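Report on one structure; see the data block that follows.
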Amino acid sequence: MIPFNKPFLTGKETKYIEEAVATGKISGNGVFTQKCQQFFEEKYGFKKALLTTSCTDALEMCAILADIQSGDEVIVPSYTFVSSALAFVRQNAHIVFADSYADNPNINADRIEDLITNKTKAIVIVHYAGIACDMEKILEVAEKHNIIVIEDAAQAIDSYYTFKDGTKKALGSIGHLGAFSFHETKNIIAGEGGMLTINDERFINRAEIIWEKGTNRSMFFRGEINKYGWVDTGSSFLPSEIISAFLWAQLENIDLIQEKRLAIWNKYHEGLKDNKNISLPLIPEYATNNAHMFYIVCKDLESRTQLIKKLKENDILAVFHYLSLHKSEFYAQKHKNGELLNSDHFEDCLLRLPLYYELNEEQQQKIINTINEF
Ligand SMILES: *Cc1c(COP(=O)(O)O)cnc(C)c1O
């Protein structure tokens with residue numbers, strides 16, 4: 001069976017975990033955590049990076065930092081993972097779901113303004129498949145209405161957006177806040193893991209406090225105060241050094257991992273581009289491709305179901321993705337703004353193909369041939 005995903009190990013993960021254990025300090029915010037955070041800040045231009053135990057956690061931190069209160073509205077795309085909305089629901093926000101473009105699962109930036117009311121506090125945008133949303137438009141609307149922009153960059157490590165003036169910025173460094181995932185299905189992994197990025201300096205001090213259970217312990221360890229205590233809300237959002245040590249082994253190889261994934265992505269694109277029965281991912285001019293995912297869009301639900309079956313008969317595991325959140329069991333009753341047909345279209349028709357470091361050319365050719373013969 002060709003699996004959908006296979007976590008890639010660089011070989012150094014256990015070595016660094018042993019090193020972390022040998023130091024005798026395996027709780028959070030130690031040497032490996034700081035090395036990872038510094039790496040991210042320097043390579044991608046985040047003003048501040050804080051590792052978390054998941055992207056979901058990082059989004060929960062965003063909800064607290066954005067000061068989401070009962071009755072506040074938060075705009076979130078419907079075609080996304082539960083966490084993009086859940087983190088804000090836990091602060092009692094009302095979620096206003098937004099639709100995708102017809103030809104791209106990302107949030108339709110031209111329609112955001114229609115969803116804004118005087119209760120709108122934040123907008124969560126999701127860079128689906130690591131491909132940038134239209135950030136310039138989003139920032140413009142958000143600034144006009146004084147709304148906080150949170151990038152769910154769970155899939156978007158090592159991906160960029162280019163502004164009209166030519167400035168190129170890493171995803172997760174553009175909104176006020178950003179959230180990444182190092183879950184084993186992402187490009188760079190730590191089993192479970194994540195990161196909060198803070199680009200608006202106003203949030204940095206408070207973020208460190210929320211991260212450390214509502215205490216000013218980070219300031220204490222930097223010698224800025226002589227005792228630490230409970231000063232705010234928060235939780236235990238920081239990962240142990242064991243997780244950070246694992247992540248460090250991945251980061252040392254990020255360029256290699258990205259190069260390999262991109263080669264696989266390009267081979268799929270080359271092999272499937274003449275297939276008239278499916279459409280391929282759209283990469284707008286302003287976006288780069290971090291090869292997080294290769295998906296195809298089938299004509300309808302029936303043909304996708306048949307294709308999944310045919311692939312399975314050939315020992316290939318391809319999987320569909322999100323179910324529109326606005327129709328979910330948890331939120332359908334609370335959803336007020338009508339049908340979101342593009343989101344529903346991707347729910348029915350989008351299919352993700354196997355993409356992982358160790359997928360070899362022969363296996364990939366078999367996948368391409370199976371789809372083209374279908
Ligand atoms: C994977 C993912 C998440 C959740 O990440 P965790 O680290 O598992 O919490 C959130 N949003 C999107 C868009 C994702 O792809």
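Start at 1 and go down the list; that is how both ligands and their atoms are numbered. In this chain, numbering begins with 1 at the start of the sequence shown. Predicted model, so just to flag it, every value in this text is computed and none were measured.
At a threshold of 4.0 Å, the pair D110-K137 counts as salt-bridged, since one of the basic side-chain nitrogens sits closer than that to a carboxylate oxygen. Salt bridge annotation for K47-E41: absent, with no cationic side-chain nitrogen under 4.0 angstrom from a carboxylate oxygen.
Every atom of ligand 1 with a heavy atom of V126 under 4.0 Å away is listed here by number and element: 13 (C). Near Y322, meaning under 4.0 Å from one of its heavy atoms, ligand 1 places the atoms 13 (C), 15 (O). Contact atoms of ligand 1 toward S54: 7 (O), 9 (O) (distance under 4.0 Å to a heavy atom of the residue).
In terms of protein heavy-atom proximity, atom 3 (C) of ligand 1 is closest to F81 CD2, 3.6 Å. Atom 11 (N) of ligand 1 has D152 OD2, 2.8 Å as its closest protein atom, hydrogens excluded (heavy atom only). Scanning all protein heavy atoms for the shortest distance to atom 12 (C) of ligand 1 gives A154 CB, 3.3 Å. Protein heavy atom in closest approach to atom 9 (O) of ligand 1: T56 OG1, 2.5 Å.
Taking the six-membered ring for Trp and thresholds of 30 and 60 degrees, F39 and W248 have ring planes more than 60 degrees apart, a perpendicular arrangement. The aromatic rings of F294 and H269 lie perpendicular to each other, with more than 60° between the two planes, well past the 30° mark.
Comparing heavy-atom distances from atom 6 (P) of ligand 1 across S181, G193, G194 singles out S181 as nearest. The closest non-hydrogen atom to atom 2 (C) of ligand 1, taken over M293, Q155, K186, comes from K186.
At a 4.0 Å cut-off, not a single heavy atom of F180 sits close enough to ligand 1 to count as contact.
Judged purely by atom type and a 3.5 angstrom limit, S78 has no side-chain atom pairing as donor or acceptor with the backbone of A98. Using a distance-only test at 3.5 Å, with no hydrogens or angles considered, no donor-acceptor pair links the side chain of E302 to the main chain of D300.
For the pair L59 and ligand 1, the shortest N or O to N or O distance does not fall below 3.5 Å.
Applying the ring pair (Phe, Tyr, Trp, His ring centres under 6.0 Å) rule to F203 yields no partners; only residues at least two apart in sequence or on another chain are considered.
Cation-pi contact between K168 and Y160: present, with separation from the ring centre below 6.0 Å and deviation from the ring axis of at most 45°.
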